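These numbers come from a predicted model, not from an experiment. The figures here come from the full heavy-atom set of this structure, side chains too, leaving out hydrogens, waters and symmetry mates. Numbers restart at 1 for each chain; the letters A, B, ... are given by sequence-line order, proteins then strands.
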Protein chains: 2
Amino acid sequence: MSTVGRQTYRHGDLRETLLSAGLEMAREGGPDAVVLREATRRAGVSPNAAYRHFADRRALLLAVSATAQGLAANSMEAAIAAIPTSGDPKVDAREGLRAVGLGYLAFARTEPGLFRTAFSVPDDLSNAESPAKAGSGGRTPFQLLAGVLDRLVEAGAMPRERRAGAELLAWSSVHGLGMLMIDGPLRGLTEDMIEDASARLVDMVARGL
Amino acid sequence: MSTVGRQTYRHGDLRETLLSAGLEMAREGGPDAVVLREATRRAGVSPNAAYRHFADRRALLLAVSATAQGLAANSMEAAIAAIPTSGDPKVDAREGLRAVGLGYLAFARTEPGLFRTAFSVPDDLSNAESPAKAGSGGRTPFQLLAGVLDRLVEAGAMPRERRAGAELLAWSSVHGLGMLMIDGPLRGLTEDMIEDASARLVDMVARGL
DNA sequence: TGTCATTGTGGACAGTGTACACATGTGGGA
DNA sequence: TCCCACATGTGTACACTGTCCACAATGACA
C-alpha cells in the first residue's frame with residue numbers, strides 16, 4: 001500500500017488512529033471483528049505499520065478493550081448523575097448502587113459490541129484501576145462500583161462485614177445479564193423484558209448483598 | 001488430502017468425529033479455537049468433507065456448543081445428586097438452588113474452554129430446551145434451573161409472584177461470575193477466593209430472589 | 001445391473017496475522 | 001550546519017483460515 005491520501009511519509013498519530021479504527025470495528029462486531037489489517041487499511045497505512053505501535057493483534061485488542069471500558073464508565077457515571085438526591089443517605093446510597101448497575105446494563109444494550117470487547121477480553125483485576133480504563137470522570141467501572149459500595153456501608157445500608165469482595169458479587173450479576181442478553185441464550189428478549197429483568201436484577205442484588 | 005489411515009472412501013461417522021474433534025478444541029481454547037480445517041485434519045479427511053455435515057464453521061460451533069451445554073448439565077446434576085436430603089422441603093429446595101449454581105460454576109472452573117463455548121455463542125432462549133443440550137439425565141441446564149425454582153415455590157421458600165422470569169436473574173448472577181473468572185477481569189483469583197465468591201454469590205441469589 | 005443421491009477429494013481464492021529486509025524521514029550531537 | 005542513529009512506514013513472503021467449484025467414489029434401490 002502506498003501513502004495514498006497522505007502527503008507525509010510519517011502518519012503523525014498512527015497509534016491513536018488505529019485505536020479508534022479498532023474501536024469502531026469492535027462497536028460493529030465485537031472483539032472478533034477487530035482485525036489488524038483492516039485497521040491499517042482505514043488508517044491508510046501498510047499492514048505492518050501497526051507493529052510499530054502494537055506488539056500484535058492482541059495488544060491492539062487490549063487497548064481497544066481499555067478504551068471501551070472507559071466508555072462503559074461514562075454510561076455508569078451518567079446514570080449516577082441522573083438520580084435525584086432524596087436527603088436520606090441510605091436511600092441515596094441504594095439508588096447509587098442501582099444506577100451503577102443500570103448504567104452498566106444500558107451500556108451493554110446500546111453498545112453490545114463495545115461491551116463484549118470491554119469485558120470479555122482476558123484481563124486481570126490488578127489492572128482494574130488503570131487510568132486507560134477510566135471514563136471522562138477519571139474513574140474506571142470497577143472504581144465506580146467500589147465507590148457506591150463504600151457509600152452503602154457508610155450510610156449503614158449494608159453490613160460492614162459483607163463489604164469485602166462485594167464488588168465481585170454485584171459485578172457478576174449485572175455482567176451475567178449483560179452477556180446473556182447479548183450473545184448468550186437470552187437474546188431475542190423484547191425491550192420490555194430486558195428493562196424488567198434489569199430492574200429486578202439490581203433489586204435482587206441490593207436485597208441480597 | 002488422501003484417505004490415509006482409513007481404508008474405506010466413506011468415513012462412516014464423520015459428523016460425530018468432527019463434533020468430538022471440535023469439542024476437544026473447544027476444551028483447549030474456547031470457541032475461537034474451534035477451527036474447521038483442524039477438525040477435518042484430526043478426522044483424517046479433506047477440509048471440504050466437513051461441508052457435507054455442517055453448513056459452515058458456525059454450524060459446527062453451534063453443535064459443539066450444544067454438546068458442551070449437555071456436559072454442563074451433567075456437572076449440575078452431579079451437584080444436585082450430591083446433596084443429602086434433610087427432610088425439610090424448604091431447606092432441600094434451597095440446597096437444590098445452591099447446588100445448581102455451584103455445579104454451573106464448578107463446570108466453568110474445571111472446563112473453562114467448554115464453558116465459554118457452551119454459553120457465549122449466539123443462541124436463543126427458544127432453544128433452551130433442545131434435547132441436543134441435555135445432559136445424561138435428559139435435561140438441559142435451563143430445565144435444571146427451572147426445576148429447582150419450581151421446587152422452591154412449591155416448598156414455600158420463594159414467593160410465587162416472583163417466580164416468573166426468575167431463571168434469568170439466577171442464571172445471570174452465576175453466569176457472570178463464571179465469565180468474569182474465566183476471561184474477564186476476575187482471572188488470577190486464587191482457588192480460595194473463587195470458592196468463597198461462588199458460595200457467597202449463590203447465597204446472595206438465594207436471599208435476593 | 002444401472003442409476004442416482006450421498007459423501008469425499010482436489011484445486012483455487014481471498015483474507016488473516018506476522019516475520020524479515022528495506023526505505024524514509026527527523027531530531028540531537030558534532 | 002551536517003550527519004547519523006533511531007523511529008516509523010513499506011514490500012514481499014509465508015502459513016493458515018473459511019469456503020466455492022468441479023469432479024470422483026460409493027452404496028442403496030429400481
Would you kindly compare A:Glu38 and B:Asp13 by the position of their nearest DNA chain C nucleotide and give the one closer to the 5′ end?
-> B:Asp13

Between B:Arg160 and B:Glu154, is there a side-chain N and carboxylate O pair less than 4.0 Å apart?
-> no

Nearest-neighbour nucleotide for the A:Leu36 side chain, D:dG9, D:dT19, C:dT18 considered | C:dT18

Have a look at B:Arg57 and say if it touches a base, only the backbone sugar-phosphate, or nothing, with a 4.0 Å heavy-atom cut-off.
-> sugar-phosphate

Think A:His11 has a side-chain N or O under 4.0 angstrom from the OP1 or OP2 of C:dG25?
-> no

Side-chain N,O (A:Arg52) to OP1/OP2 (D:dC6) below 4.0 Å = no

Check for a donor-acceptor pair, side chain of B:Arg109 on one end and backbone N or O of B:Gly178 on the other, with a separation under 3.5 Å.
-> no

Thinking salt bridges, do A:Lys133 and A:Asp123 make one under a 4.0 Å N-O criterion?
-> yes

5' priority, DNA chain D, between B:Arg10 and B:Asp56 [closest heavy atom] = B:Asp56

Integer-rounded Å distance: D:dG18 C1' and B:Arg41 CZ | 12 Å

From the list C:dG17, D:dT10, D:dG18, which nucleotide is the closest neighbour of the side chain of A:Ser46?
-> D:dT10

Whole angstrom is fine here: how far is it from OH in B:Tyr51 over to C1' in C:dG10?
-> 15 Å

Compute the centroid of each ring, for A:Phe107 and then for A:Phe119, and state whether the two points are separated by less than 6.0 Å.
-> no

Nucleotide nearest B:Arg37 (side chain, heavy atoms from C-beta), chosen from C:dT18, D:dT10, D:dT19 = D:dT19

Can a donor-acceptor pair under 3.5 Å be found between the side-chain atoms of B:Asn48 and the base atoms of D:dG18?
-> no

Reckon B:His53 has a side-chain N or O less than 4.0 Å from the OP1 or OP2 of C:dT6?
-> no

